[in-house]
Amino acid sequence: MKHLLKLADLTAEEILSILNLADQLKYERKNNIEHHHLKGKQLGMIFQKSSTRTRVSFEVGMNELGGNALFLSGNDLQIGRGEPIKDTVRVLSRYLDGIMIRTFKQSDVEELAQYGSIPIINGLTDYCHPCQVLADLMTIREYKGSFKGLKLCFIGDGNNMANSLIVGGIKMGMDVAIACPDGYRPDRDVCDWAEKNGNLLVTSDIAAAARDADAVYTDVWASMGQEAEKAEREKVFKNYCVDQKVMSLAKPDALVLHCLPAHRGEEITDAVFEAHAQEIFDEAENRLHAQKAVLVKLLK
Ligand code: CP
Ligand code: NVA
């Protein structure tokens, strides 16, 4: 494993190995056991979109591993004034040991990897969010013990989260069910891959997706970059809300997961969110541990 561009590039064994290391690093942190695996290493973090969790967890994670992280705003870099990505990354490769990038186009992340000579980590694109799903898988395994026989349900937009959950879920052997309106389905290539490699249901029928689910996942209706579509999407998605009725179809001990930030009263009710706040914030915490594992795997 040289980069983390998307989960489809990783084998199931590689994903499990990241999750195992993440569990170990979580244990070490809790017990104040030093784990300075990345002493002296420098991570550049390029953000062309907003972030709370990704930025803070990567920065804290690098510090806890004995290294350092630099926040690089896309607006302030010369990228914002038109310097090509392929030049930027060849320069940054001379200074840094790795780059985490949050941006719009997946092809930009792939280009960094193609022209740079250091590991590239995808911190979210319009296409996928692999770091989030590693934390999600870690959380599911923490609560359920294993992935065996589980059904993972996602309700909402067939967006970057849906794409990555399909790939991560199928790779871990879970059944994955996505409920989304027609016209807002996950990417075709992701669905085609999943249909060949596991059990994927994509439907506009929320009940069919939620029935007997072990984990119910949701995300915002309008992602970063889709602000102009917000009003239109509120109409299209108004029934795609994780509420008590949806939860009554899932297994009684089903987890509720959300990558955050959440919009209460839209994709999830306040009551369901608060009833499941424990696992949702464990999931957010696990971003730190899962990403530290990725950093150790790639930068050590
Ligand atoms: N879930 C997630 O990636 O959060 P941020 O946008 O705050 O980084
Ligand atoms: N789908 C959301 C995820 C945020 C973590 C977005 O792209 O804005």
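Nothing here was measured: the structure is a model prediction, and the numbers come from that model. Positions are given from 1 along the sequence. Order of appearance sets the numbers: ligands from 1, and atoms from 1 within every ligand.
- Judged purely by distance below 3.5 Å, without hydrogens or angles, the side chains of Asp108 and Gln48 never pair a donor atom with an acceptor atom.
- Trp221 places a side-chain N or O within donor-acceptor distance of the main-chain N or O of Tyr240, the cut-off being under 3.5 Å.
- Shown in contact with Met224 at under 4.0 Å from a heavy atom are these atoms of ligand 2, numbered in order with element: 6 (C), 7 (O), 8 (O).
- Atoms of ligand 1 found under 4.0 Å from any heavy atom of Thr52 (numbered from 1 in listed order, with element): 5 (P), 7 (O), 8 (O).
- Below 3.5 Å of separation, one finds no N or O of Pro261 facing any N or O of ligand 1.
- Atoms of ligand 1 lying under 4.0 Å from any heavy atom of Leu260, numbered from 1 in the order shown and given with element: 1 (N), 2 (C), 4 (O).
- For the pair Arg55 and Phe71, the cation-pi test (distance below 6.0 Å, angle within 45°) is passed.
- Counting heavy atoms from C-beta on, the side chains of Leu134 and Val294 come closer than 4.5 Å.
- Residues Ile155 and Val242 are in side-chain contact: their nearest non-hydrogen atoms beyond the backbone lie under 4.5 Å apart.
- Interface of Asn160 with ligand 2, defined as ligand atoms under 4.0 Å from a residue heavy atom, comprises 1 (N), 2 (C), 6 (C), 7 (O).
- Atom 2 (C) of ligand 1 has Arg287 NH1, 3.2 Å as its closest protein atom, hydrogens excluded (heavy atom only).
- When only interatomic distances are considered, the shortest N/O to N/O separation between Met224 and ligand 1 does not fall below 3.5 Å.
- For the residues Ala135, Ser51, Ser57, Ser223, the heavy atom positioned nearest atom 8 (O) of ligand 1 is part of Ser51.
- When the options Cys131, Cys128, Ser223 are ranked by their closest heavy atom to atom 6 (C) of ligand 2, first place goes to Ser223.
- Backbone and side-chain nitrogen or oxygen atoms of Arg55 are examined, and none is located within less than 3.5 angstrom of a nitrogen or oxygen of ligand 1.
- Checked against Leu124 for a side chain to side chain contact (heavy atoms under 4.5 Å, CB included), the options Gln132, Arg102, Met161 give a single hit: Arg102.
- In this structure, the protein non-hydrogen atom closest to atom 6 (O) of ligand 1 is Arg102 NH1, 2.8 Å.
- Residue-level proximity to ligand 1 for Leu124 is absent, since no heavy atom of it falls below 4.0 angstrom.
- Taking the side chain as every heavy atom from C-beta outward, Lys26 and Asn286 approach each other to under 4.5 Å.
- Using a 4.5 Å heavy-atom threshold, the side chains of Asp219 and Phe154 count as touching.
- Taking the charged nitrogens against the carboxylate oxygens, Asp192 and Lys196 have no contact shorter than 4.0 Å, which rules out a salt bridge.
- If you check which protein heavy atom lies closest to atom 4 (O) of ligand 1, you get Arg53 NE, 2.8 Å.
- Contacts between Leu124 and ligand 2 below 4.0 angstrom, taking non-hydrogen atoms only, involve the side chain exclusively.
- Atom CD of Glu274 has more than 12 heavy atoms from other residues, nucleotides or ligands within 6.0 Å.
- Atoms of ligand 1 lying under 4.0 Å from at least one heavy atom of His129, given by number and element, are 2 (C), 3 (O).
- Looking from atom 3 (C) of ligand 2 to the surrounding protein, the closest heavy atom is Asp219 OD2, 3.6 Å.
- For the pair Leu260 and ligand 2, a heavy-atom separation below 4.0 Å is found.
- For the pair Lys49 and Phe104, the cation-pi criterion (under 6.0 Å, within 45° of the ring axis) is fulfilled.
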